[in-house]
Structures are given as C-alpha cells and as structure tokens.
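Remarks on the structure that follows.
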2 protein chains.
Amino acid sequence: MSARRPALSVDVVSLTPHGRRLTVLLVRVGDSRSKERWELPNDAPRSDETIDEAAARVVRPTLGAQPAMLEQVAAFGDRRRHPSDAAVSIGYVALVASGASASLGGDAAWFPVDELPPIAPRQRAIVDGAMHAVRARLDQSPIAFRLLPSTFTLSQLQEIYELLLGRRLHKASFRRALHASWLVEPTDEWRSEGRGRPAQLFRYAPRKRRGSRRGVRFEGVSGT
Amino acid sequence: MSARRPALSVDVVSLTPHGRRLTVLLVRVGDSRSKERWELPNDAPRSDETIDEAAARVVRPTLGAQPAMLEQVAAFGDRRRHPSDAAVSIGYVALVASGASASLGGDAAWFPVDELPPIAPRQRAIVDGAMHAVRARLDQSPIAFRLLPSTFTLSQLQEIYELLLGRRLHKASFRRALHASWLVEPTDEWRSEGRGRPAQLFRYAPRKRRGSRRGVRFEGVSGT
DNA sequence: TCAATAGTGTCTGTTAGACATTATGGA
DNA sequence: TCCATAATGTCTAACAGACACTATTGA
C-alpha cells in the first residue's frame, strides 16, 4: 500500500461474532496469480494524522461504517515480519456489532479467530494481543454490548461473554450479576428462536451506580 | 538527543518507592542558562534495534543497573507536544526495587508522582498511562515485589500495594489473601523498626497453584 | 507504665456456584 | 405428549471486612 520501509504501520483487528464464533476481518492482497495471501487492514499514518485517526481511516473502506469501538492494543516493534516491513506496528481492536457487517468491501472476509489463514507473524501477534486486550477490558467496562444489536436476549449476551472469555458461565449467576450491575433494561418484546420458551429482549441502558462496581464482574465458571 | 523530527521516540517511566510515596525518574535537559527543564528519559530507536531493546538502552545510563521489570504501556500518537517532536512516542514502565537507586546518573532525580515538575504534555500522558498499566496488572501478576528488596516485612508489602492502588487495605484481609496466594515464605529473621513489636521478614517465593488464582486479589477497602 | 506496631482468631454479611423448579413454546 | 429453552428461587461454601484480642518491643 505505501512506499518502501515505512517507520510505522497501523493495523486493525476488527472483531464480530458469527454464530457461535468470534471472527476477524482480513483483506486479500494483490498477487492475482500467486496463491492467496491475507492480511490485517493496515497502512502507514500520514504526516498530519494522529494514530487514532489513521486507525479509523484504515477500517473505513473495508467495513461499511465505523465500528462500535476502536481502541489501541499496543505497539509491536520486534523483528517479526510485517507485510509493509514497518519497523514498528501499532495494533488496534475494532468491535463491530453483530449483523452490521453486511456491506463488506471487495476483497475482505471474516475468519474465525482460531482458524485464521497464514498471515505475517507480527500480525498474528497483533491478533493475539487484541484478544488479550479485549478480555482484560471486559470486566472493567461493558464492551460486550458493542458486539450486539441494539436489542438482544440475555442468552445472546451470555454467549458473547463466553466467546470473549473463552469459557462457559453459570446462567443464574450471570443474570444475578447482570441485574446487580444495572446495565440492561427489559423491553416489551419477546423473541422465539426455534424450540423452547421465547426469550425477553433487553437493551443496553446503563444506570448510575450508587457506590462501587464498574463492569459486570464474574468469577463464575462452569455452566449447566 | 537525536536529530530533527524523528518518527518515533521511546520514553521510560521508572518507578520506585521513596518513603511513603511513589516516585518517577526524570532527567534535567541542557539549557544551562534558561530555567530548569525536566523530561522522561527517551530516545529514538536505532535502525537495528527492537523497541524493547531501545527502552532497555534508554534507562541504562540514568539508572545504575537494569530495572526489575520493564514493560510497554502503549503508543502515544496524538498531537500533544513531545521534547523530541516525535510523531509517535512509545511509553514503557520500569519498576525499580527500593534502595537500588543509589547510583543515579548525573542529571537525574526522583520526583513524587503527584508532584512532578512541568513536563511536555505527551510525557505527562505517558506517566498517567504508566500508572494505569501498573494498577491494572497488579491483580494479574505479582509485580509489587519488583518494588521491594529481596526480604521485606508484610507491612512494607502492604504499603506498596496501597501506594500502587491509591487506597488503604484491610490488614487482616491482606494477610489472609496473601497466605492463600502462596507468593511469599517467611525467613528466620526479624526486624525491629523504631517502636512496636519487630516484624518477621519474608521473601518472594511463588509456589505452584493447584487450581485457580493468578495474583493476590483484594476487594479489600478500608483499613484500621 | 504506656504507646506503637505485629500478628491472629472470630463473627457476620455478601455472593458465586450448584441445584431444583416452574413457565412456555415447538415438534 | 415430549423436549428444549427461559426464568427464578433456595441452599451452601467461601470469603471480604470488621472487630477484638494477644504479643513484643522502645520510650
């Protein structure tokens, strides 16, 4: 994309749920005759741009709209290979609401995060770092809602938490903690999905907390 | 230090306790006639160097030895001013054991973190980011021990935790949680400091955890 | 002796996780 | 009807924080 040996690149890991899996957005890069090559959307920041602005610009063409969240992960300045050969790459995570990924740019596609095609080693590290950062922030701030449409069932919400944490949660405990956190409110609608009893729809509506807690906080482990 | 408008700088926030305060290492910069100016130790990374290596090189001359921990905080690429005018600065935190800061380089000095002299706005943001990162990692990994000599009293350890967390902890709860975490073991020595009963000295000696926890974990708030 | 700090034992309220039960729809 | 999922109530073990107490030194 940019000229030879830039000092910097900005790389964005876009995440969205697809079914029961978390997926990452990759773009196919040139080389029409050689075998397929994929990479994270990335570019060198321009001279008049902050790195946050560069990251926003990098996701714009591939994603239709702006993501629900875009945050820096870290700088990666080791000797691992990067497509642009940049000395240092700055990783970002973008969270995209489920279903909002309808209009993908031409050569972009979503891949399950645990089944990525071969990518440059440094970009592989950026993806891992992005997952770490998201998990770390999950109990500090309510970022799980960024991956959901505006109304959702509690089972959907729990599924997102399980996707991000990589482990099952206890249903009753999850709902108790959620209730105590005052982050959601019920709507009048119910949704029937397949078998079983229909689920009530909720929306994200954080209330002022009187004293203490910041996020949702689960120690909760195994699930039935 | 380096030529005009480098693309990158690496800035290191070195932390060590002094008495009951956390202090940051700053260096005085040139300008012998003008009024004092201080800044975080920083430099542009060299072309053959990773950013981690650059950070290690930056702290070496000012600190006597290598710090007990050196980790990246984040990249700071906004439009705030930086001494070198770098487009992007990468912040690092170094933790230095108490007392190990005997041989400081020429124009370096420790300042209480809440009473820093005026520094460039971006470096101010790097210091804040470093404090955030340290607090965030405190309950994930036992970094408090990096700020202590090899043997210490439990009151000293608790004081470090209070310094880093910025709030008082409950003594009995602190010791209970510490005992449960299997991170320290007692030595045969006791130390008498001023009045009161002498305190037993402990050393950092993490044991294998059978099941769950990673760090120390305190919800614990107020102290007697 | 008093003051100050170290170190411990007990009580209580909160809560995470397990378990059980009811509710409600589709096949 | 049976089955699958939603939603909720109760029990229990673990634990954080409060409180009280003993232990041991210096002044």
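Proteins get letters first, then strands, A, B, ... in listed order; numbering begins at 1 in each.
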- Message: If you compare all heavy atoms of A/Val12 against all heavy atoms of A/Ala55, which two are closest, and at what distance to 0.1 Å?
- Response: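 So the two residues come closest at CG2-O, 3.8 Å.
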
- Message: On a heavy-atom basis, which atom in B/Tyr204 and which in B/Leu183 lie closest, and how many Å separate them?
- Response: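 That closest heavy-atom pairing would be CD1-O, 3.3 Å.
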
- Query: Is the shortest distance from a Lys or Arg side-chain nitrogen in A/Glu189 or A/Arg203 to a carboxylate oxygen in the other one below 4.0 Å?
  - Reply: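 No.
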
In whole angstroms, how far is the [atom2] atom of [N] from the [atom1] atom of [X]?
{"X": "A/His179", "N": "D/dT8", "atom1": "NE2", "atom2": "P", "value": "9 Å"}
{"X": "A/Arg168", "N": "C/dA18", "atom1": "CZ", "atom2": "P", "value": "12 Å"}
{"X": "B/Leu178", "N": "D/dA16", "atom1": "CG", "atom2": "P", "value": "12 Å"}
{"X": "B/His170", "N": "C/dT12", "atom1": "NE2", "atom2": "C1'", "value": "13 Å"}
{"X": "B/Arg175", "N": "C/dT5", "atom1": "CZ", "atom2": "C1'", "value": "10 Å"}
{"X": "B/Gln156", "N": "C/dT5", "atom1": "CD", "atom2": "P", "value": "14 Å"}
{"X": "A/Lys171", "N": "C/dA20", "atom1": "NZ", "atom2": "C1'", "value": "12 Å"}
{"X": "B/Glu193", "N": "C/dA6", "atom1": "CD", "atom2": "P", "value": "8 Å"}

- Task: Take B/Glu185 and B/Arg207, measure what salt bridge (charged side-chain N to carboxylate O under 4.0 Å, His left out) needs, and give me the verdict at the end.
- Result: CA-CA 9 Å; B/Glu185 67 182 18; B/Arg207 296 244 182 292; 2.8 Å; yes

- Query: Quick check: does any side chain N or O of A/Arg122 sit under 3.5 Å from a backbone N or O of A/Asp78, one acting as donor and the other as acceptor?
  - Reply: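 Yes, the answer is positive, given that a donor and an acceptor are paired below the 3.5 Å cut-off.
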
- Query: Under 3.5 Å, side chain of B/Glu39 to main-chain N/O of B/Ala120, donor-acceptor pair present?
  - Reply: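 Judged by distance alone, no pair lies under 3.5 Å.
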
- Query: Just checking, any donor-acceptor pair under 3.5 angstrom between side chains of B/Thr50 and B/Asp52?
  - Reply: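 Note: B/Thr50 and B/Asp52 side chains miss the donor-acceptor criterion.
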
- Go along nucleotides 21-27 of chain D 5' to 3' and tag each nucleotide: B for a protein heavy atom under 4.0 Å from its base, S when only backbone or sugar atoms are that close, - otherwise. --BBBBS

- Message: Please compare A/Leu201 and A/Arg176 by the position of their nearest nucleotide in DNA chain D and report the one closer to 5'.
- Response: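 Whichever sits nearer the 5' end wins; that is A/Leu201.
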
- Message: Can you work out whether A/Ser155 or B/Ala172 has the more 5'-proximal nearest nucleotide on DNA chain D?
- Response: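 Looking at DNA chain D, the more 5' nearest nucleotide goes with A/Ser155.
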
- Query: So what does B/Gln200 touch, heavy atoms closer than 4.0 Å: a base, only the sugar-phosphate, or nothing?
  - Reply: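 Counting heavy atoms under 4.0 Å across all strands, the contact made by B/Gln200 is with sugar-phosphate only.
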
